[in-house]
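Residue numbers start from 1 in every chain, and the chains themselves are labelled A, B, ... in the order their sequence lines are given, proteins ahead of strands.
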There are 2 protein chains.
Amino acid sequence: MSSKTVMKALNILEMFSIHKPCWGLRELANELEMSHTIVHRLLTTFTEKGYLFKNPDTQKYELGIKFLELSNVVEENLKISEIIHPIMKKVALESGESIVLTLLDQDEGVFMKIVESDRQVRFAESIGKRSPLYKGASHKVILANLPEDHQGGIIQQGIDSKAEEIESVSVFLQRLAIIKQQGWAYTSGETIHEVGAISAPLFDYQNQVLGSLSVAGPAYRLEESNIEMTATILMKYCLELSAVLSKVVFPTRRNYLFEKL
Amino acid sequence: MSSKTVMKALNILEMFSIHKPCWGLRELANELEMSHTIVHRLLTTFTEKGYLFKNPDTQKYELGIKFLELSNVVEENLKISEIIHPIMKKVALESGESIVLTLLDQDEGVFMKIVESDRQVRFAESIGKRSPLYKGASHKVILANLPEDHQGGIIQQGIDSKAEEIESVSVFLQRLAIIKQQGWAYTSGETIHEVGAISAPLFDYQNQVLGSLSVAGPAYRLEESNIEMTATILMKYCLELSAVLSKVVFPTRRNYLFEKL
DNA sequence: AACTATTGGTTCGATTATAGAACCGGAAGG
DNA sequence: CCTTCCGGTTCTATAATCGAACCAATAGTT
């Protein structure tokens, strides 16, 4: 059993996004179809604690500095700045493209960290973006390395929501098998228009997939260049990274949703 | 009036720090002197929503990926990655030392972002650290540029907690006046042992201090080098940064605590 | 200037979610 | 085998929450 009050409170927090970072009291209450009284109480609570910040000029609320504080603890837990980030930089230099760290969370993939290349394309907007595992190289390479009994449920979700990536279950499973066997995936434009990606999986100390690293760039540039060579470099670093991560005991951040079924 | 339930919930979150990132249920309940039943309910709520993650091996809880997602929204709001970070990198290159971004929040200073130099000293641990404004160059330079009626309250807090930095109010105020006038502050070892810092203030679109930028490094290296020259460079960039920030409307994240008194 | 429609914020009694003692089943230790 | 810890659950008196009705202030309209 979970706390209804806190649940409502957290729902409020989730309304603050890159695309809508500032909310007025009434505006937010209407959107959530909640009484403005309770939204007000929750907003003040968060503000008192530093999780929200009330802009004194506009009277509107936005996310507070507390999230920067706590995110730093998470980064430290995940050894992101210490271990993962340096390797991402290396790959970025060698490939000249942006490198994306995707992590498996619940039954979705989340874009967690991006090292930008000097070149045009910027992905910063995409950080935090969640999407199902059947879409895009970074996600598919995770799905491909998941235990087979987990794959079924996720693919079923894709069929239920009529994902165009899955024409037939058997063909899709075959593709996943190939991805798992060769150790990397390539797609173009599946998650972001005109952006291609080459991805390789990361494993934890129990050899469970915990995420992936991707070389991402404009589709035309990745097509012209040697995809297989880039994939080989990427895989080398992913293996190296997995080896280090397995030593610091870095558990896969997965909820065993499908085990319960 | 704020929500007691959510307040308790947020108190739980704050127990997760860099120094103690993993908590067991009972352990946490004892520490907070709360019934383990309610702690359990709150932990499950947070876990369901992705704010906490239960390590399936140890059964212990740690902060979840949600904080990385939301912190990215905050960074975008504050234009950190877009505007502030690039300038920090520039200063880091020119000075060869680490650059620290401190923000004013409530009536404290928070180390928000650190660009590490290639050299030995690492400050990553300090990110998110809060401390009162009378301690350390990065914080003092903020205090010095605060309205005088705000300064009084903060200095009083310092005296109440017997801060060794304040021997006498009048001398301390004089020092602050000098810092404000010359535009930068220098201290050594006040916040972190054997670490010195040169700091200059940042202002928002209404010319209120919103934080500071600091060049930080081992005390001996900052002493031997030319402090004034480093300060001049730093001030130049801080002015540049303030000018840009004032255009994007970046409000000072301050609660007007002392106005209410 | 008066009227209306917003806004953020507050009050207070009926309702409902919460708090916490007592409980379970498992694991670790003696 | 017993004890003690652990994470997790159940149940009801009780305390916190909910929300209609309420301010006061601001902005736009007539």
Axis-to-axis angle for the helix from dA1(C)-dT30(D) to dG30(C)-dC1(D), ends of five pairs each, to 10°, equals 30°
Value for NE2 (H139(A)) from CD1 (I154(A)), rounded to nearest 0.5 Å, stands at 11.0 Å
For atom CG of L25(B) and atom C1' of dG26(C), their distance in whole Å: 15 Å
Above 12 or not: heavy atoms from other molecules or residues under 6.0 Å from CD of Q156(B)? yes
Can you find a side-chain donor-acceptor pair between S199(A) and S138(A) that sits under 3.5 Å? no
d(CZ, R26(B); P, dA27(C)) in whole Å: 16 Å
L28(A) CG to dT7(C) P, in whole Å, measures 12 Å
Take atom NZ in K4(B); do more than 12 heavy atoms of anything else shown fall under 6.0 Å from it? no
How many Å lie between NZ on K54(A) and C1' on dT7(C), as a whole number? 12 Å
Working to the nearest 0.5 angstrom, can you tell me the gap between L176(B) CG and K140(B) NZ? 8.0 Å
With no hydrogens and no angle check, is any side-chain donor or acceptor of Q59(A) less than 3.5 Å from a backbone partner on G24(A)? no
Would a distance-only check, ignoring hydrogens and angles, find a side-chain to backbone donor-acceptor pair under 3.5 Å from T102(B) to G109(B)? no
Check the distance between dA21(C)'s P and H40(B)'s NE2 and give it to me in whole angstrom. 17 Å
Output yes when a side-chain donor or acceptor of N72(A) lies under 3.5 Å from a complementary backbone atom of L68(A), and no otherwise. no
Could you go over nucleotides 16-18 of chain C and give all protein N or O partners under 3.5 Å, atom names and distances?
residue, atom, partner, partner atom, Å
dT18(C), OP1, S3(A), OG, 3.0
dT18(C), OP1, K4(A), N, 3.2
dT18(C), OP1, T5(A), N, 3.0
dT18(C), OP1, T5(A), OG1, 2.9

Nearest whole Å is fine: how far is dG20(C) P from H36(B) NE2? 12 Å
Which whole-number value in Å describes the distance from L52(A) CG to dG8(C) C1'? 15 Å
Can any side-chain N or O of K20(B) pair as donor or acceptor with the backbone N or O of C22(B) at less than 3.5 Å? yes
Is the closest basic N to carboxylate O distance between D105(A) and K66(B) below 4.0 Å? no
Shoot me the first and last contacting nucleotide of DNA chain D against chain B, ordered 5' to 3', at under 4.0 angstrom to non-hydrogen atoms. dC6(D) to dT17(D)
